[in-house]
Each structure stands twice: as structure tokens, then as C-alpha cells.
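To start, the structure itself, in C-alpha cells.
Heavy-atom basis, side chains included; hydrogens, waters and symmetry copies ignored. In each ligand, atom 1 is the first atom listed, and ligand 1 is the first ligand listed. Each residue takes its place number in the sequence, starting with 1.
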Amino acid sequence: MKFEAIAVENIPLIHKGDNLPSVISERIELQDRDIIIIASTIVAKAEGENFRLEDVTPDEQALEIAARTGKDARFIQAVLARSKEVFVEAPFMLVTTLAGHTCVNAGVDESNIEHGFLLYPPGNPDASASKIGGELERISGKKLSVIITDTNGRAFKIGQTGVAIGIYKIKPIKRWIGEKDLFGKLLEITEEAVADELAGAANLLMGEGAGGVPVVVIRGLDYYCEENTSIKEYYRPEDMDVLKKGLRCLRNQK
Ligand code: GDP
Ligand code: MN
Ligand code: MN
């Protein structure tokens, strides 16, 4: 058993309007069932999500949080603009984004973008993945999956990892429920977060700095799914989300 992770080399700096499917397909010959992993940073750049801090006008809520936390009100405003719920304000903003992903600073980032600019994450990463995936399939004539990734921290643990924030034609979860273990016992709850695992693997080649590797192709695994899939399969229903309930309690006590 084995699979490959292939860095797509020589991708240029990406700017608004760049056509990522052609940028990618000009640099690698894709094969059936390849999984194309793309850093959200270049998707956001191509979608024109870069902005200057000085162009952001903080509203009342942003000013209030800034006063409480000592942070830049314009940065808080940028985070709030992409958030539907705030769970933690300091030492970092922990929010659920409009797209439903819960992460620090709503994914607003200032690394790997020109000086003076910040980057919002793609507004609808599933839609971005579908658009890029559909176009890559059209160009290559192959059946392909796409995962858009970002780097996130983990609850309870030090250290960040690549995670999936948008997908196209890949089963994000492999259900082990009903399968047997080595000793014939039935597995009752295990659901493997395949898209996150692949994002983590690809991130080993991407790195976080000046590596210039925003696209990695995973070859030799079969998680292709003919129907459309959504990253929303990962988001726990509100009534079952114990951590969010706890964080809301803490906020209300203040
Ligand atoms: P994120 O995890 O989506 O926030 O992306 P990162 O900022 O961590 O970047 C992941 C990888 O993509 C790193 O190797 C960066 O050097 C690279 N990268 C980011 N932007 C570009 C770009 O415009 N062109 C190229 N070639 N690489 C980029
Ligand atoms: Mn990022
Ligand atoms: Mn990263």
C-alpha cells in the first residue's frame, strides 16, 4: 500500500483574476482520481480578497473589542466582517466564519501577501473548490477531487496543521461504523476525517513560509465521490457541539 504527494513546482505569485485551473494544469499532468490540494491563500488572492488595513473602518463592536483587548480595531473589524459568531476575543479571536468554519481570526492572514496587505479567506470555499475542480476536469478529461486548505491550530494542543475548508468530489469522512476491528468487535463511532488528514499530509510539502508550494497532488488513494460533497459535513450540529456551548457559557458570565 502506498500513495504519493507531489508538489506542483514553479507556480508564480498569484494575483486577482489569475486562472488557477490553467496555472495548475500547465504544470502537472493530472491522472484519474488525483486529489488536488490547494492552499486557501492562493485561492483568496485569485479571488481578489486582499485588502489594506488602513482601508478598514471599525464599527462600534470592533472598537469595543479593541478597547477591551488592546488590539487593532481595524483588524478586529476585518475578522468580524467574516464571522457569524465570536467565542473568544483574547488572546486571539476564535470565531465561526460565515462559511461555518470555526478558527482563529476567521482565517484573516497577513503572511505570504505583499507588504501592507492582508487577505480574507475565500468567502465560499466549497464553491471555489467546485469551480476549480470542474474546470480542471474539463481541461484534463480526468475525474478529480479538490481540497482547499488552510493552516489551523487545534483545541487542546500546541502546533498548527493543514485542514480542509472547502472540497469538491471527495468523501470528507470515512465511516468505520459497522466495520470490524482486528478481533471482530464492531466499530461503533469512528469516523475518519480524511479530507483533514490529506490537508495535513499536503501541508508537509507546502510549509508555512517562503516555500512557494501552494498546490500538492495526492495520487494513489481512492476517495473520489461522483456526487457533490460539502465541507459542511464536518461541522457538528449546534445542539451536539459541547465545546461551543461551554464557550457561550463563559462569554455570558462576563
Ligand atoms: P495557507 O495555509 O492557505 O494560509 O497558505 P500559506 O500562507 O501557509 O502558504 C502555503 C504555501 O503556499 C507556502 O509554501 C507559501 O510559500 C505558498 N504560497 C502562498 N502564496 C503563494 C503564491 O502566490 N505563489 C506561490 N507560488 N506560492 C505561494
Ligand atoms: Mn492561512
Ligand atoms: Mn499555511
Which residue and atom name correspond to the protein heavy atom nearest [atom], and how close is it?
atom	result
atom 26 (N) of ligand 1	Ile11 O, 2.7 Å
atom 15 (C) of ligand 1	Gly209 O, 3.2 Å
atom 10 (C) of ligand 1	Gly207 O, 3.7 Å
atom 13 (C) of ligand 1	Met206 O, 3.4 Å

Looking at [Y] and [X], is any side-chain nitrogen of the basic one under 4.0 Å from a carboxylate oxygen of the acidic one?
X	Y	value
Glu238	Lys244	yes
Glu89	Arg68	yes
Glu192	Arg175	no
Asp34	Arg219	yes
Lys16	Glu49	no

Do [X] and [Y] have side-chain atoms, one donor and one acceptor, less than 3.5 Å apart?
X	Y	result
Tyr168	Glu137	yes
Thr57	Gln77	no
Asn112	Glu208	no

Any N/O/S atom from Asn112 (main chain or side chain) under 2.8 Å of the Mn ion (ligand 3)? no
With a cut-off of 2.8 Å, does Asp150 put an N/O/S atom close enough to the Mn ion (ligand 3)? no
Hey, is Asp109 touching ligand 1 through its side chain, its backbone, both or neither, going by heavy atoms under 4.0 Å?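 Asp109 to ligand 1: side-chain contact only, backbone stays beyond 4.0 Å.
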Taking the Mn ion (ligand 3) as the vertex, measure the angle between atom OE1 in Glu208 and atom OG1 in Thr151; round to 10°. 90°
Would you kindly confirm whether Ile165 and Tyr234 end up in one hydrophobic cluster when ILVMFWY residues are joined by side chain heavy atoms under 4.5 Å apart? no
Work out which heavy atom in Leu136 is nearest to a heavy atom in Ser140; give both atom names and the distance.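 In terms of heavy atoms, the two residues are closest at O-OG, 2.8 Å.
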Plane angle bin for Tyr235 and His101 - parallel if under 30°, tilted between 30 and 60°, otherwise perpendicular: tilted
Considering [options], which one's heavy-atom position lies nearest to [atom]?
atom	options	value
atom 4 (O) of ligand 1	Val216, Leu13, Thr41	Thr41
atom 11 (C) of ligand 1	Ile148, Asn112, Val213	Val213
atom 21 (C) of ligand 1	Lys45, Gln160, Glu208	Lys45
atom 2 (O) of ligand 1	Asp18, Thr151, Asn203	Thr151
atom 12 (O) of ligand 1	Pro121, Pro214, Gly212, Ala199	Pro214

Ring centres under 6.0 angstrom apart (Tyr120, Phe51):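 When the ring centroids of Tyr120 and Phe51 are compared, they turn out to be within the sub-6.0 Å range.
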Short list, please: which atoms of ligand 1 are under 4.0 Å from a heavy atom of [X]?
X	value
Thr149	3 (O)
Ile42	20 (N), 21 (C), 22 (C), 23 (O)
Ala210	16 (O)

Can you confirm, on distance only, whether ligand 1 has an N/O atom lying under 3.5 Å from any N/O atom belonging to Ile14? yes
Pro12 touching ligand 1 at heavy-atom level, < 4.0 angstrom: yes
Of all N/O/S atoms in Asp109, which lies nearest to the Mn ion (ligand 2)? OD2
